[in-house]
Amino acid sequence: MGINSIRKNLNKDTIISEIKLALGADIEKRRVCLVVEGEDDIKVLRKFCGTDIIIYESFSGKKGLEEIIASSVIDDYRVIGIRDRDYCSCEGSERIFFYDKCCMEMMILSFDETFQSIYSEFYNGRLNPAQLKALIFEQLHKVSRVRKYNEEKGLDINFRGLKYNTIINKEYKLEADIFIKKLKQLNPKKDICFLNELVKSEKGKKPDYLEITNGHDFISFFKALCDKEYSSGNAADKKISSSLRTSFNKSCFFSTNLYRRTNQYCIDHTLDLWES
């Protein structure tokens, strides 16, 4: 397969079949078949992978990843998965590893220098990096509470189509009433009367924002604030995401819990996953 081979856009059965063939061809039993949720995961992880690693993009996000890892056909210590934790509280399979914090983007943003990178590239406003980062986390907490509740209750609330530039005022604050209205418009057939209390309540201790904030929300909110400073709207979600991934270097990655856990797993099973 070569160095850091990538297998994308395959269905579940094809992925399982290809992994089975790859395992069978691995005479020394040191090759790792790594399953991830999507293309962004491939982009951020492949630069850290060692030689002869095959990365498979799940056919259906984290759900597909879990189904692949759980397949009895490839129940092998050489097949591992890496996924967002989101709001999952259970560890599950010993062969599935979670990014630090809520998700891949939050793991990257836990390092101040990575946010500094996108701040310098895209933002031209009145706040310094620390102030801007703190404000985004604080304002997104309204959204994060709904996302967490949605996940815990299995409500399947639709957030797609939520535009932050329509719900942020001139002071960079998220307008709770407008957010609630927009979310109801996106979910016309759902009973989400609990939103008022959930969004506007500020009870309880200050959370660890990195553990609760959705990465795509953060990038979209950041983009909306950048657009407010540029009439032409020079920032794009994909460009910001790309810059954020690029800023995440070996020094950062090797200091994460994800690296420590996966590396220890590889030591225990005499595998080579990450480049030294």
[atom1] ([X]) with more than 12 external heavy atoms under 6.0 Å:
{"X": "Leu21", "atom1": "CG", "value": "yes"}
{"X": "Lys63", "atom1": "NZ", "value": "no"}
{"X": "Glu152", "atom1": "CD", "value": "yes"}

If we ignore angles and hydrogens, is there a donor and acceptor under 3.5 Å between the side chains of Asn257 and Arg260?
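Side-chain D/A pair, Asn257 to Arg260: present.
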Closest heavy-atom contact between [X] and [Y]?
{"X": "Leu23", "Y": "Arg78", "answer": "O-NH1, 3.2 Å"}
{"X": "Asp156", "Y": "Asn187", "answer": "O-OD1, 4.5 Å"}
{"X": "Ile74", "Y": "Lys20", "answer": "CG2-N, 3.8 Å"}
{"X": "Cys103", "Y": "Gly215", "answer": "SG-N, 3.4 Å"}
{"X": "Glu57", "Y": "Ile15", "answer": "O-CD1, 3.5 Å"}
{"X": "Gly125", "Y": "Glu229", "answer": "CA-CD, 3.6 Å"}

Sequence neighbours left out, what pairs pass ring pair (Phe, Tyr, Trp, His ring centres under 6.0 Å) with at least one residue falling in residues 163-202?
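Qualifying pairs, neighbours excluded: Tyr149-Phe194, Tyr164-Phe221.
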Pairwise ring pair (Phe, Tyr, Trp, His ring centres under 6.0 Å) hits with a residue in residues 85-107, at least two apart:
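Sorted result for residues 85-107: Phe97-Tyr265.
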Do [X] and [Y] belong to the same hydrophobic cluster, where Ile, Leu, Val, Met, Phe, Trp and Tyr are linked whenever their side-chain heavy atoms lie under 4.5 Å apart, directly or via other members?
{"X": "Phe218", "Y": "Leu132", "answer": "yes"}
{"X": "Phe59", "Y": "Val79", "answer": "yes"}
{"X": "Phe137", "Y": "Ile212", "answer": "no"}
{"X": "Ile108", "Y": "Leu140", "answer": "yes"}
{"X": "Leu244", "Y": "Leu135", "answer": "yes"}

Answer whether the closest heavy-atom distance between the side chains of [X] and [Y] falls below 4.5 Å.
{"X": "Arg83", "Y": "Ser58", "answer": "no"}
{"X": "Ile80", "Y": "Leu271", "answer": "no"}
{"X": "Glu113", "Y": "Asn249", "answer": "no"}
{"X": "Arg85", "Y": "Lys101", "answer": "no"}
{"X": "Ile168", "Y": "Lys228", "answer": "yes"}

Atom [atom1] in [X], atom [atom2] in [Y]: separation rounded to 0.5 Å?
{"X": "Glu211", "Y": "Lys148", "atom1": "CD", "atom2": "NZ", "value": "11.0 Å"}
{"X": "Lys29", "Y": "His269", "atom1": "NZ", "atom2": "NE2", "value": "13.0 Å"}
{"X": "Ile219", "Y": "Glu105", "atom1": "CD1", "atom2": "CD", "value": "5.0 Å"}
{"X": "Ile69", "Y": "Asp76", "atom1": "CD1", "atom2": "CG", "value": "10.5 Å"}
{"X": "Ile136", "Y": "Ser220", "atom1": "CD1", "atom2": "OG", "value": "10.5 Å"}
{"X": "Leu45", "Y": "Phe248", "atom1": "CG", "atom2": "CZ", "value": "8.5 Å"}

Take Asp177 and Lys200 through the test side chain to side chain contact (heavy atoms under 4.5 Å, CB included) and record every step on the way to the result.
CA-CA 9 Å; Asp177 289 332; Lys200 296 180 180 181; 2.5 Å; yes
State which residue, out of Phe253, Phe48, Phe254, fulfils the ring pair (Phe, Tyr, Trp, His ring centres under 6.0 Å) condition with Trp274.
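Going through the options one by one, the only one that passes is Phe253.
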Suppose the criterion is salt bridge (Lys or Arg N to Asp or Glu O under 4.0 Å): which pairs have a residue in residues 263-276, not counting sequence neighbours?
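The answer is Arg30-Asp272, Lys250-Glu275.
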Just by modelled atom types, is the [Y] backbone N or O under 3.5 Å from a matching donor or acceptor in the [X] side chain?
{"X": "Ser243", "Y": "Ile240", "answer": "no"}
{"X": "Lys133", "Y": "Leu109", "answer": "yes"}
{"X": "Glu67", "Y": "Lys12", "answer": "no"}
{"X": "Asp100", "Y": "Met107", "answer": "no"}
{"X": "Asp208", "Y": "Leu210", "answer": "yes"}
{"X": "Lys239", "Y": "Phe122", "answer": "no"}
{"X": "Ser242", "Y": "Lys238", "answer": "no"}
{"X": "Asn165", "Y": "Ala224", "answer": "no"}
{"X": "Asp26", "Y": "Arg31", "answer": "yes"}
{"X": "Asn263", "Y": "Tyr259", "answer": "no"}

Decide side chain to side chain contact (heavy atoms under 4.5 Å, CB included) for Leu155 and Lys190; before the verdict, give the C-alpha distance in whole Å, the side-chain angles of both, and the deciding distance to 0.1 Å.
CA-CA 9 Å; Leu155 301 178; Lys190 289 189 178 293; 5.7 Å; no
Evaluate the criterion side chain to side chain donor-acceptor pair (under 3.5 Å) for residue pair Gln116 and Ser120; output intermediate values, then yes/no.
CA-CA 6 Å; Gln116 176 70 55; Ser120 300; 2.9 Å; yes
Partner of [X] under side-chain contact (heavy atoms from CB on, under 4.5 Å), chosen from [options]:
{"X": "Asn158", "options": "Leu183, Asn150, Leu186", "result": "Leu186"}
{"X": "Arg245", "options": "Asp41, Thr114, Val44", "result": "Val44"}
{"X": "Ile180", "options": "Ile192, Ile167, Leu198, Val199", "result": "Val199"}

Under 4.0 Å between a side-chain nitrogen and a carboxylate oxygen: does that hold for [X] and [Y]?
{"X": "Asp75", "Y": "Arg95", "value": "yes"}
{"X": "Asp227", "Y": "Lys223", "value": "yes"}
{"X": "Glu66", "Y": "Lys62", "value": "no"}

Report the relative orientation of the aromatic rings in Tyr123 and Tyr119; use parallel for angles under 30°, tilted for 30 to 60°, perpendicular for over 60°.
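Tilted: the ring planes of Tyr123 and Tyr119 meet at 30° to 60°.
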Mutual orientation of the aromatic rings belonging to Tyr209 and His141 [parallel < 30°, tilted 30-60°, perpendicular > 60°]
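Ring orientation of Tyr209 relative to His141: perpendicular.
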Could you check Asn214 against Cys102 for side chain to side chain contact (heavy atoms under 4.5 Å, CB included), going step by step and ending with a plain yes or no?
CA-CA 7 Å; Asn214 176 277; Cys102 184; 5.6 Å; no
Please assess Val35 against Ile19 for the test side chain to side chain contact (heavy atoms under 4.5 Å, CB included), listing each intermediate value before the final yes or no.
CA-CA 10 Å; Val35 186; Ile19 291 177; 4.2 Å; yes
